[in-house]
Amino acid sequence: MAEDSDLERTEPASQRKLDKAREQGQVPRSRDLTTFAVLLASGSALMGLGLYIYHGLGKMMRSSLSFDHLVVANPSSMGRVLFDAGLEGLLVVAPLAAAALVAVVVSNLLVSGWVFSPEAFMPKLSKLSPVAGLGRMFSWRSLAELVKAILTGLLIAGAAGWMIWHQSEDILALGLEPLSSALVHLSGIVFATFMAAASAYALVVAIDVFFQIWNYHHGLRMTKEEVRQESKEMEGDPQIKARIRALQREAARRRMMQEVPKADVVVTNPRHYAVALRYEEKGMSAPRVVAKGSQLVAQRIRELAAEGRVPVVEAPPLARALFQHVEVGDAIPGPLFSAVAQLLAYVYQLGESRYPVLPSDWLVPEDMDPGVPEGAR
């Protein structure tokens with residue numbers, strides 16, 4: 001089942017999954033790169049600070065192994081002498097330790113960047129399981145690491161051995177040189193051998209870095225179902241989104257219908273469109289459309305207008321123009337001011353006269369009336 005599941009993971013990891021893995025402290029790491037960086041930094045520090053460390057440790061040993069009569073007469077003071085010697089020795093090798101520490105930090109930053117994950121510090125009982133530990137010990141990954149370690153050791157040993165064999169005559173000649181010059185000559189031989197071994201190890205490191213990055217992304221691959229599920233979580237289920245949009249439209253429609261009884265007039269087409277207008281002298285600079293709809297929605301607007309005793313006026317050109325060009329909540333545009341003024345004047349006359357005259361020619365610009373054919377405009 002595990003193999004089948006792995007075969008199904010054909011999709012590359014999404015950025016969300018990579019970020020989540022990073023938050024959990026899962027990032028690509030190359031132990032070989034860290035080891036190589038520490039060896040290279042330590043070796044370079046030894047070559048550059050060799051004399052400083054040599055003289056510093058020599059001074060520390062001379063001072064710690066030289067006792068005056070006060071120390072001999074008071075053995076309890078030996079603790080202080082040893083403490084001073086240890087502190088002096090630490091100060092001498094501190095640059096070497098600092099170089100190794102910087103190498104560890106930089107090597108990890110090169111591969112995975114800066115990562116701080118509190119989850120990585122949390123104890124996990126699964127890591128304490130003997131069965132799981134034995135499983136990791138005898139897994140294919142452990143076997144591959146063992147084979148890699150053996151091949152790496154053989155490669156490094158081969159490079160170092162070749163360099164030693166190449167310098168065999170110089171090594172044999174060290175016995176004929178004075179001690180001071182022999183030490184200098186020996187340090188050069190050791191450094192050359194070290195660099196040969198480091199160069200061989202650098203090849204292993206380059207391969208391991210690329211392999212670890214590939215293996216990290218390979219292990220985070222996703223199945224098609226996981227990709228779909230993540231897409232739903234991030235963007236939302238299409239059915240749920242459609243349902244939410246429908247509910248939002250329904251809520252907006254209910255709010256719109258609540259405004260119909262507050263309108264001053266409803267202008268109709270007469271059946272296809274219905275647009276409700278409202279105008280307040282103090283609060284509005286121009287009349288506003290508070291509701292509009294077509295077909296069944298238009299019919300419901302007319303019913304609510306009748307229940308609220310809102311005048312319903314048939315003005316097809318004006319109804320079509322308002323429905324086409326004005327959204328709910330917006331003020332009417334300037335080109336429709338004259339036609340809406342005709343409408344409101346007629347509505348206001350209803351309260352003053354039993355038989356007001358309904359305009360026969362609405363002042364609607366032809367380019368705003370969708371009922372006028374293109375060629376007739």
Side-chain angles (χ1 to χ4, degrees), residues 234-352 356-374 376-377:
M234 294 183 65
E235 301 179 3
D237 191 323
Q239 295 180 351
I240 296 177
K241 290 174 68 177
R243 177 61 177 163
I244 291 174
R245 286 195 296 267
L247 291 174
Q248 290 174 339
R249 287 194 298 267
E250 183 61 29
R253 185 174 299 147
R254 284 198 300 269
R255 289 194 300 269
M256 182 182 72
M257 293 301 184
Q258 291 173 357
E259 296 296 321
V260 173
K262 304 175 185 177
D264 294 318
V265 62
V266 172
V267 58
T268 65
N269 191 26
R271 293 185 177 181
H272 299 89
Y273 303 119
V275 180
L277 296 174
R278 184 180 178 187
Y279 178 63
E280 294 179 0
E281 248 182 81
K282 295 182 179 179
M284 299 181 183
S285 59
R288 293 183 179 274
V289 172
V290 295
K292 73 173 186 176
S294 61
Q295 306 301 334
L296 294 178
V297 177
Q299 180 180 346
R300 182 57 181 160
I301 291 174
R302 290 194 297 270
E303 292 173 357
L304 291 174
E307 293 174 5
R309 296 185 177 181
V310 177
V312 178
V313 179
E314 292 185 11
L318 181 57
R320 290 192 299 262
L322 289 171
F323 184 87
Q324 181 71 21
H325 299 288
V326 188
E327 297 297 328
V328 175
D330 291 347
I332 62 170
L336 295 178
F337 276 2
S338 298
V340 173
Q342 288 179 286
L343 176 67
L344 293 178
Y346 171 77
V347 171
Y348 294 154
Q349 289 175 12
L350 288 176
E352 301 173 357
V357 179
L358 182 66
S360 59
D361 183 17
W362 296 96
L363 301 177
V364 177
E366 292 184 351
D367 59 343
M368 297 194 72
D369 184 1
V372 178
E374 290 286 340
R377 297 180 182 178

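Keep in mind that the numbers below use all heavy atoms, side chains included, and drop hydrogens, waters and symmetry copies. Throughout, numbering of the chain's residues begins at 1 and tracks the sequence. No experiment lies behind these values; they were computed from the predicted model shown.
- With contacts defined as side-chain heavy-atom distances shorter than 4.5 Å, the pair L277/I332 qualifies.
- Residues L343 and W362 are in side-chain contact: their nearest non-hydrogen atoms beyond the backbone lie under 4.5 Å apart.
- For the side chain to side chain contact (heavy atoms under 4.5 Å, CB included) test, residues two or more places apart in sequence or in another chain that qualify with Q324 are P370.
- By the 4.5 Å heavy-atom criterion applied to side chains, M256 and V297 are counted as neighbours.
- Closest approach of A321 and V364 over heavy atoms only: CB-CG1, 3.9 Å.
- Here the side chains of K262 and V290 are not in contact, with every heavy-atom distance at 4.5 Å or above.
- Across all their heavy atoms, L363 and P365 have their closest contact at O-CD, 3.7 Å.
- Between atom CD of residue Q299 and atom CG of residue L304 there is a gap of 11.0 Å, rounded to the nearest 0.5 Å.
- R288 places a side-chain N or O within donor-acceptor distance of the main-chain N or O of G329, the cut-off being under 3.5 Å.
- Residues V326 and P333 come closest through the heavy atom pair CG2-CD, 3.4 Å.
- Closest heavy-atom contact between A274 and I301: O-CD1, 3.9 Å.
- Within a 6.0 Å sphere centred on CD of E327, heavy atoms belonging to other residues, nucleotides or ligands number 12 at most.
- The environment of H272 atom NE2 is sparse: at most 12 non-hydrogen atoms of other residues, nucleotides or ligands sit within 6.0 angstrom.
- Heavy atoms of other residues, nucleotides or ligands lying less than 6.0 angstrom from CG of L247 number more than 12.
- In this structure, P311 and D264 have side chains that are not in contact, with every pair of non-hydrogen atoms separated by 4.5 Å or more.
- Contact of the K292 side chain with the Y273 side chain is not registered, since no non-hydrogen atoms from C-beta on lie closer than 4.5 Å.
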In sequence, state the C-alpha distance, the side-chain angles, and the governing distance for V267 and V275, and then conclude on side-chain contact (heavy atoms from CB on, under 4.5 Å).
-> CA-CA 5 Å; V267 58; V275 180; 3.8 Å; yes
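- Atom-to-atom distance recorded for R255:CZ and M257:CE is 13.0 Å, nearest 0.5 angstrom.
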